[in-house]
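Notes to accompany the following structure.
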There are 2 protein chains.
Amino acid sequence: MPEEDKPCPIPDLPRGPLCEYRQRAKFSWKALKQVLEDPNVIRIRYDVWQKLEREPLFAPLTSTLPVDQQKERAAKQVKRIAELKLDPQEIYSMDYKYRVRYLMSINEALHAVCPSMSVKIALGVGLFTNALLAMGSERHSAIYNAAWNREIITCLAITEVSHGSNTKRCRTTATYDPKTQEFIINTPDFEAAKCWVGNLGKTGSMALLFAILHTSDGQNHGLQGFLVPIRDPTTLQPYPGVIVGDIGEKIGLNGIDNGFVMFNNYRIPRENMLNRAGDVTPEGTYESTFTEPGKILGAVLESFSAGRLGIMQESSNTLSHAAVIAVRYAALRKQFGPEKDGPEQSIMEYQLHQWRIFPYLAAACVLKASVFSLTDIYLATVQKSQKDSNGFELLSQIVSELHALVSSSKPLVTWTARDAIQESREACGGHGYLRAANLGELRNNHDPSCTYEGDNNVLGQQASNWLLRQWKAAKVESPVGTANFIERREAILGSNFDAIVRASGGVVESAEFITNCYEWLMCWLLRSTAEQLQHADKDGTDRFKARNDSQVYRARDLSRAYSEYYALECFRKRCLREDVAENLKPVLSNVYLIYGMWCIDRHLATFYAGGFAVGPRFADAIRSALLGACGQLKDSAVAVADAIAPPDWVLNSVIAKSDGRLYENIQNVMMTNPGAMERASWWKDIVPSKMKAKL
Amino acid sequence: MPEEDKPCPIPDLPRGPLCEYRQRAKFSWKALKQVLEDPNVIRIRYDVWQKLEREPLFAPLTSTLPVDQQKERAAKQVKRIAELKLDPQEIYSMDYKYRVRYLMSINEALHAVCPSMSVKIALGVGLFTNALLAMGSERHSAIYNAAWNREIITCLAITEVSHGSNTKRCRTTATYDPKTQEFIINTPDFEAAKCWVGNLGKTGSMALLFAILHTSDGQNHGLQGFLVPIRDPTTLQPYPGVIVGDIGEKIGLNGIDNGFVMFNNYRIPRENMLNRAGDVTPEGTYESTFTEPGKILGAVLESFSAGRLGIMQESSNTLSHAAVIAVRYAALRKQFGPEKDGPEQSIMEYQLHQWRIFPYLAAACVLKASVFSLTDIYLATVQKSQKDSNGFELLSQIVSELHALVSSSKPLVTWTARDAIQESREACGGHGYLRAANLGELRNNHDPSCTYEGDNNVLGQQASNWLLRQWKAAKVESPVGTANFIERREAILGSNFDAIVRASGGVVESAEFITNCYEWLMCWLLRSTAEQLQHADKDGTDRFKARNDSQVYRARDLSRAYSEYYALECFRKRCLREDVAENLKPVLSNVYLIYGMWCIDRHLATFYAGGFAVGPRFADAIRSALLGACGQLKDSAVAVADAIAPPDWVLNSVIAKSDGRLYENIQNVMMTNPGAMERASWWKDIVPSKMKAKL
């Protein structure tokens, strides 16, 4: 039976106090789950989780391990995962899209359980082999195979101590010595040490390293990739000339051994240069394979999109986990009530509480759809490019638009997850501060997602730049279709709140209204950003400064709005598909409205400043629609949370188990935490002296 | 020489790369420090820090200790602090205000170094004795003295597992038994276990416990306070009938042993009831001392204001630390530049980066002023009430206004600190994610401040309720003067952006403009909230629901605006004092503008919705003023950060040392972290099998 036809193995949930709300939902949460998440992805995830649940090495921890033990555990998990063979052999005979989606789904499942381990695998296997494939050639296939088969532990050494976002300014050098046919790798000083490199701190034996290539004629050929042996893979001892170490404790993800490395005129064979774009001859002449080596490097860096998509997939799950915890706790926690001595009510009944947490529940649903779609387009594009003999050309035709989408969506998803975790922590009060609630771990592990693979604020500029290019171009080039609205700019900017409401039949609670608002917002931000840049140009401001001074309230908001617009569109289109049952439509529309109105609410000032509306009606309409939709979601919220929740042991939150036995579960955790009721071993040292005398 | 006349002992800062920016400031950072922080408070803090710096027990840690060791360390620190006698004997002969401010300043200094320890002392010594004083009588003085002299470790047991904010619904009972003249303390089930009690988990021997009093006639006399022995103070073994334990690991503050306790018909002597408000006679009759026992309990709970003020003081320091780290790093970190191969520029030069971090630097300065002023009024009021024979009456006259100020300002300060830490973490990129950057510790330890001593969202409602009462009252009762603007409501609401700009001479960059905007905003929010409540009343909505449905976009924003208005006023008044040197005025005004415009920017939508302005001019004016002020602050920012920074070892951030040697300091930390360059002890377990075979 082909994978697709197997029934989706979603386990039932235990009965308990959450059923009070669960029963109020007018739909099946399992049916909803299969709309919000792809059935194939669900199947792969549950398959992974079932296998991991049996493994002692993956059992949730009850307290934080010392960092060295965290590294040990993650490294052993990486090894164990290889033994578990989670990737069935048959996927390697399937097409690229199917295979990579399968591997991505495995990664999602692993990340939800052990983020450090999943990042270690993603870096050391996925990104390393991707980059090697893009930059290397036949002569590197032994290393490629060894990395893929986990025979060596590998890492990507790009970032330096003093250069992160501005990779091009890295200062590690590779100087060719024709006498020995070797490259001499050198680190001028600690500022140029490769740093933050995952897998490098304690375990990696081979690095894919970026260094400035110098040939013996003194020419600088810019950044190139090299395979650099770091440690003997059989003993894990560093080679002479390599100063390598672990950077020490971090806020989270301490299972990853992030490292630094300095090279002291360290020699590697000529063949270790990755030569797809260009090569150094034995005599020492640099010969480029393509006429524009910068472009191929761009394509190589582009291959890091896979990394950003991975982060978005993981972060959308993190967002879901945070929202599920907040919603289940809000249903179970009762505090205050309408009558002085009457029953108390669930905190989910309070409008303020709904407004705090429901937008994150809605965001989790909507962003799942956009991350899935974006991944789909990405995979289809790469697959097409591989099949087509003219693949590279074809890929570059839509790579810009995909890059803009990824560059704006990665910030949106990671920031939304960040905010969801924090709001959830506060919405769960003191109990949310328990380690066993899992919000602290989520927060500390998620945090770097806003920084790595492109700092959110810097990365987002790639999207606004692309949009501005479309705005200024004679013809909009948007093969994915996300910028086609620019062609209608005049009509859009000629519109306003009143006209749009009229066009929507007087109803603001509609996809049409929300879409129209967004198109106006983007056009206005595009026009005002472009105008500001034009003025600066006239005034003689240099372009670098002009660009930087057009970010706040302009390009930055534009990038955000664009990613929200895309997410809402993806979700809307998903809901329109035939497989969506009628009884799911009200809740899906409810979720769409909450996320849409909530996002528009944050842009209200810009709408007003741009003259889109005057007076209270616009703000009132958006805010009433949002609060109304939140009130409507209340009776469905627990079922929606069930639809995006992983199994209890993966969610791993004592305050949000699906059985709803909140206080019994807390009691169990508190009473059984190691040494909970024992006297402290150090008790004698702290008894006040006067009391000691009485002993 | 009296304390006040001693020169302020602010140490010089080392020379280094930060001097490039430091030298651009047109003022002395030490002079600025003495405006932003009270010279006496500065002196006390440095005195404490000097003493602690010599103590091995207070040396900064380089990695996170296991939680049991964190508890051990904090408990030993508490003991060591008592030995260090940081509180000079002479302060106990000074007046209340001087003495308590002195003790609060010690707490601020301690908290900046070891938050767990400072909370343990604050709970076990400060809040416990405060509450005992307010609720108990002569017969409890032995316990009072023992707690004050650290002869016993104490705790406050109020919150239960299922009741936090709604304390009144606590279910632990104290039933009087006239036969033995004892109270029988009982916990009906785990949901009623006292929980989250600091110092209870491992160390406390005596609890001040809130329980529902039942007399033998079956009458329920509501919540009362009792002294309940938990453990033998000489052995720290729990007494029979007491099930006490530690709640386990938390997100942060793991030095505090938060505990839970259940009582199984546990007997305590009649005298252990705290009887200031009422008492049970030996025969078992409840006699209240005051006619309105509810009121005295209110006053007792009011005494917890001291706790909230403490949190605000600590949080304003946390906010400062986060801002200092972000500013120093932004000055030192260079990335990109105007010319392709030219020098890179400090990230502080980017407008977007200024806009991200300068508002927090400004907020740190402004909120320091409001927290100091608020504490001052509080202390003066309590002192006056103690001297006056009619003290209780007098106190209650302004206690409502103070309560409103504290209830809105505690959320403002704690949330601003929370956001500052997060923005700073992201603004410092990957290096901000190092444990040694200290932002993770700041975040995890600060987090519960948004919840404890009143969840921010719930607490803030106390302020809006008070303001609404003033709005509806025939006469505004605002002895502190913060609500006097309500008397001018008609004129204020009759005004708008254009009129206010005209009144300010066409200049928006002024205190007058900002104040006028705030008064309009508060009046509009008051009117619309009051109207909404009125409508609900007419529609027959019950008041509980009506109140809850008037929070979002209404009462909640009102509470926030009120606290911002108060903070800006306090800062403005501080800047007008005679001791402020002329050359400090530009930077102070700059700071004021940034914070004011930044806050107004967040309320823009409400201003527009309320009809305060139409079209782009208002938004443009606010946003240009903010960006302009940020640009102006750039050359002063490092000096402002110096003015609010603690000594390096207290700030404890490798990326923000005052010597500015960013990369040397990082190198030092990375190369010396324990085992940094050693092979992992578990290396054999993770070498891939195929590689092992080669051994």
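Because the structure is a prediction, the values reported are computed rather than measured. Just so it is clear: chains get the letters A, B, ... in the order the sequence lines come, proteins before strands, and each one is counted from 1.
Listed options B/R543, B/R150, B/Q551, B/M671 were ranked by heavy-atom pairs under 4.5 angstrom with chain A; first place goes to B/M671. Counting heavy-atom pairs under 4.5 Å between each of A/R333, A/K76, A/M677, A/K545 and chain B puts A/R333 at the top. Per-residue counts of heavy-atom pairs under 4.5 Å with chain A were compared for B/I243, B/I247, B/L604, B/L662; the largest is that of B/I247. Listed options A/C450, A/A619, A/P238 were ranked by heavy-atom pairs under 4.5 angstrom with chain B; first place goes to A/C450. Interface remark: of the candidates B/P616, B/G245, B/A437, B/A436, B/P616 forms the most heavy-atom pairs closer than 4.5 Å to chain A. By number of non-hydrogen pairs under 4.5 angstrom with chain A, the leading residue of B/R425, B/E191, B/R231 is B/R425. Among A/A680, A/G430, A/P674, A/G432, the residue making the largest number of heavy-atom pairs under 4.5 Å with chain B is A/G430. The candidate with the highest count of non-hydrogen atom pairs below 4.5 Å against chain A, out of B/P338, B/G675, B/G429, is B/P338.
With rounding to the nearest 0.5 angstrom, the OG atom of B/S550 is 8.5 Å from the CD atom of A/Q351. Separating the CG atom in B/L332 from the OG atom in A/S162 is a distance of 12.0 Å, to the nearest 0.5 Å.
The two residues A/H431 and B/V161 come nearest to each other via the heavy atoms NE2-O, 2.8 Å. Between A/L352 and B/Q461, the closest heavy-atom pair is CD2-NE2, 3.8 Å. Residues A/I686 and B/A75 come closest through the heavy atom pair CG2-CB, 3.5 Å. Closest non-hydrogen pair, B/L439 versus A/I251, comes out as C-CD1, 4.4 Å. Closest approach of B/S681 to A/D68, counting heavy atoms only: OG-OD2, 4.2 Å. The shortest heavy-atom contact between B/R679 and A/L236 is CD-O, 3.8 Å.
For B/Q69, no part lies under 4.5 angstrom from a heavy atom of chain A. Of the atoms belonging to B/D246, heavy atoms from both backbone and side chain fall under 4.5 Å from chain A. Only the side chain of B/R556 comes within less than 4.5 Å of a heavy atom in chain A; its backbone stays farther off. No part of B/S205 comes within reach of chain A, as not one of its non-hydrogen atoms sits under 4.5 angstrom from that chain.
Counting only heavy atoms from C-beta outward, the side chains of B/Y433 and A/W196 approach each other to under 4.5 Å. Residues A/T64 and B/V67 have side chains not in contact (no heavy-atom distance under 4.5 Å, counting atoms from C-beta outward). Side-chain contact between B/E349 and A/N548 is absent, with no heavy atoms from C-beta onward closer than 4.5 Å.
For the residue pair B/R443/A/N444, the side-chain donor-acceptor check at 3.5 Å is satisfied. If you check the side chains of B/W683 and A/E72, you find no donor sitting under 3.5 Å from an acceptor. Under the 3.5 Å distance criterion, with hydrogens and angles disregarded, a donor-acceptor pair is assigned to the side chains of B/Q422 and A/D447.
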Practice item. Walk me through it: do B/Q354 and A/V552 pass the test side-chain contact (heavy atoms from CB on, under 4.5 Å)? Key: CA-CA 10 Å; B/Q354 295 164 11; A/V552 183; over 6 Å; no
Exercise for review: For side chain to side chain donor-acceptor pair (under 3.5 Å), just list the numbers for B/E344 and A/N166, CA-CA rounded to whole Å, side-chain angles, deciding distance to a tenth of an Å, and then say yes or no.
Suggested key: CA-CA 10 Å; B/E344 292 184 293; A/N166 195 4; 2.6 Å; yes
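For the ring-ring contact (aromatic ring centres under 6.0 Å, His included) test, residues two or more places apart in sequence or in another chain that qualify with B/Y553 are A/W355. Residues satisfying the ring-ring contact (aromatic ring centres under 6.0 Å, His included) criterion with B/Y350, sequence neighbours excluded, are A/F544.
The residues A/E426 and B/R418 are annotated as salt-bridged, a charged nitrogen and a carboxylate oxygen being separated by less than 4.0 angstrom.
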